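Taking it in order: structure first as structure tokens, then the write-up.
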Number of protein chains: 2
Amino acid sequence: MKPYTPDGHIETALTEKHAKELDIIELFFFAYRDFTADPDKILEMLNFGRAHHRVLYFVNRKPGMTVAELLEVLKITKQSLARVLKQLIDTGHIVQIQGPRDRRQRELYPTHQGRELALELAAPQSRRIANALEQLDPSSRAVIENFLKAMVDPAQWQQIDSLPKSG
Amino acid sequence: MKPYTPDGHIETALTEKHAKELDIIELFFFAYRDFTADPDKILEMLNFGRAHHRVLYFVNRKPGMTVAELLEVLKITKQSLARVLKQLIDTGHIVQIQGPRDRRQRELYPTHQGRELALELAAPQSRRIANALEQLDPSSRAVIENFLKAMVDPAQWQQIDSLPKSG
DNA sequence: AGATTATGTCAGTGTTGTTGACTTAATTTT
DNA sequence: AAAATTAAGTCAACAACACTGACATAATCT
């Protein structure tokens, strides 16, 4: 079955025979690649990167988030966050306010400018998703949401559930 | 409606009112974050990174791929690819063979060792997907595949379609 | 009072991406 | 056959974003 390869290389493709769910593995890669490319174009003009986007997104989704909470969500170190956060503060997209209960904490809030940018970055991603959903049965939305949530470690579900629903 | 904030910061969360599909935007982020974390642990032990994984994956999925094809799929520059590819060749995971039709081209093939590693890296991702699917109706698979493909730029569909189905 | 916690900061490092310029060998065009 | 183009490789410099380790400060908890 396997072709003759004197130097030991393999000419047969890796397929579902060898490993399950390859189609979804690569669809996930391609979908995420193009999904992130849209905001990346906007960010580039502002000299921001994907890291800025993630911070700005979650601060907008949950204003008042502390630095520690943000680190938990992004799964990065505080030194990594520091640079990006400092730039977002210096450019007037995010402000820090001393925690009222615990004054060691820094609550993070978007400014109007930060909210505007978050909306601008979300727009092409919303459009891409809405467009994909339009081509499917209306019941598909629930299936996709359930699938994506099931792809997340259950220990992390609380991070998803702590974000506001549709207020 | 908006709370009084003397310094102009925003305390109201960004919700579906302001932008559509936020739930799927963030589910996609969380799902991809955890999806890539599994192989990252294995790669770390070998002093490889996510870039090595991507190269190894596609060379296994389509043995004989040329360098130019790989660049198209990964959307990176040849200088970026060069370092990672060199390491995979030096460690005996991939071999290059001069193209038979066009001898300028270098066809990329996995070695047995490269195939083994690709399988090892795919395993936890397959498991995660299979586990997520198990919790859903059997018809969900098609919905998810259609959705993910619709999330990809149509101009790129040929990249997906050129990969072997289930040989 | 002492320990712990939340955050910030300094210094060094590694991976992965970028641009630009140049080389080599092979193919295609004129 | 000569000239232009193409596929791939390489050198150098650089930037974004992640890491570790160590230390500082202020506030809270024990």
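Chain letters run A, B, ... following the sequence lines, proteins first, then strands; residues in each count from 1. Keep in mind that this is a model prediction, so the values were computed, not measured.
- Taking the six-membered ring where the residue is Trp, the centroids of F29(A) and F58(B) are separated by under 6.0 Å.
- Proximity note for R106(A) (side chain, C-beta onward) versus dT7(C), dG17(C), dA26(C): the nearest is dT7(C).
- Summary of the strand contacts: A82(B) and R104(A) both lie near DNA chain D, and taking for each the nucleotide with the nearest heavy atom, the more 5' one is attributed to A82(B).
- Contact annotation for K86(A): no contact, since no heavy-atom pair falls under 4.0 Å across all strands.
- One can place CG of D40(A) at 13 Å from P of dA16(D), the figure rounded to the nearest angstrom.
- Whole-Å rounding puts the K78(B) NZ to dT24(C) P distance at 14 Å.
- You'll find that the side chain of Q98(B) is closest to dA26(C), out of dA26(C), dG8(C), dT10(D).
- With DNA chain D read from its 5' end, the first of the two nearest nucleotides for H52(A) and G99(A) is the one closest to H52(A).
- For the pair L71(A) CG and dT7(C) C1', the interatomic distance rounds to 10 Å; values are reported in whole Å.
- OP1 or OP2 of dA25(C) has not a single side-chain nitrogen or oxygen of R103(B) nearer than 4.0 Å.
- Here the straight-line distance linking atom NZ of K41(A) with atom CG of L43(A) works out to 11.5 Å at 0.5 Å rounding.
- Proximity of T77(B) to the phosphate of dT18(C): a side-chain N or O atom is located under 4.0 Å from OP1 or OP2.
- Between the CZ atom of R83(B) and the C1' atom of dA12(D) there is a distance of 12 Å, given to the nearest Å.
- Note on E16(A) versus K165(B): no salt bridge recorded, every NZ/NE/NH1/NH2 to OD/OE distance being 4.0 Å or above.
- Residue Q96(A) places at least one side-chain N or O under 4.0 Å from the OP1 or OP2 atom of dG8(C).
- Considering only side-chain atoms of I76(B), the nucleotide from dT18(C), dA18(D), dA6(C) that sits closest is dT18(C).
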Between R141(B) and E145(B), does a salt bridge (Lys or Arg N to Asp or Glu O under 4.0 Å) hold up when you go through it step by step? CA-CA 6 Å; R141(B) 170 186 287 276; E145(B) 286 179 0; 3.6 Å; yes
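- Residue whose closest nucleotide on DNA chain C sits further toward the 5' end, between D102(A) and Q79(A): D102(A).
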So F28(A) and F28(B), ring-ring contact (aromatic ring centres under 6.0 Å, His included) or not? Walk me through it. CA-CA 9 Å; F28(A) 214 42; F28(B) 213 42; 5.6 Å; yes
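- The shortest distance between the side-chain N/O atoms of S80(B) and the OP1/OP2 oxygens of dT18(C) is below 4.0 Å.
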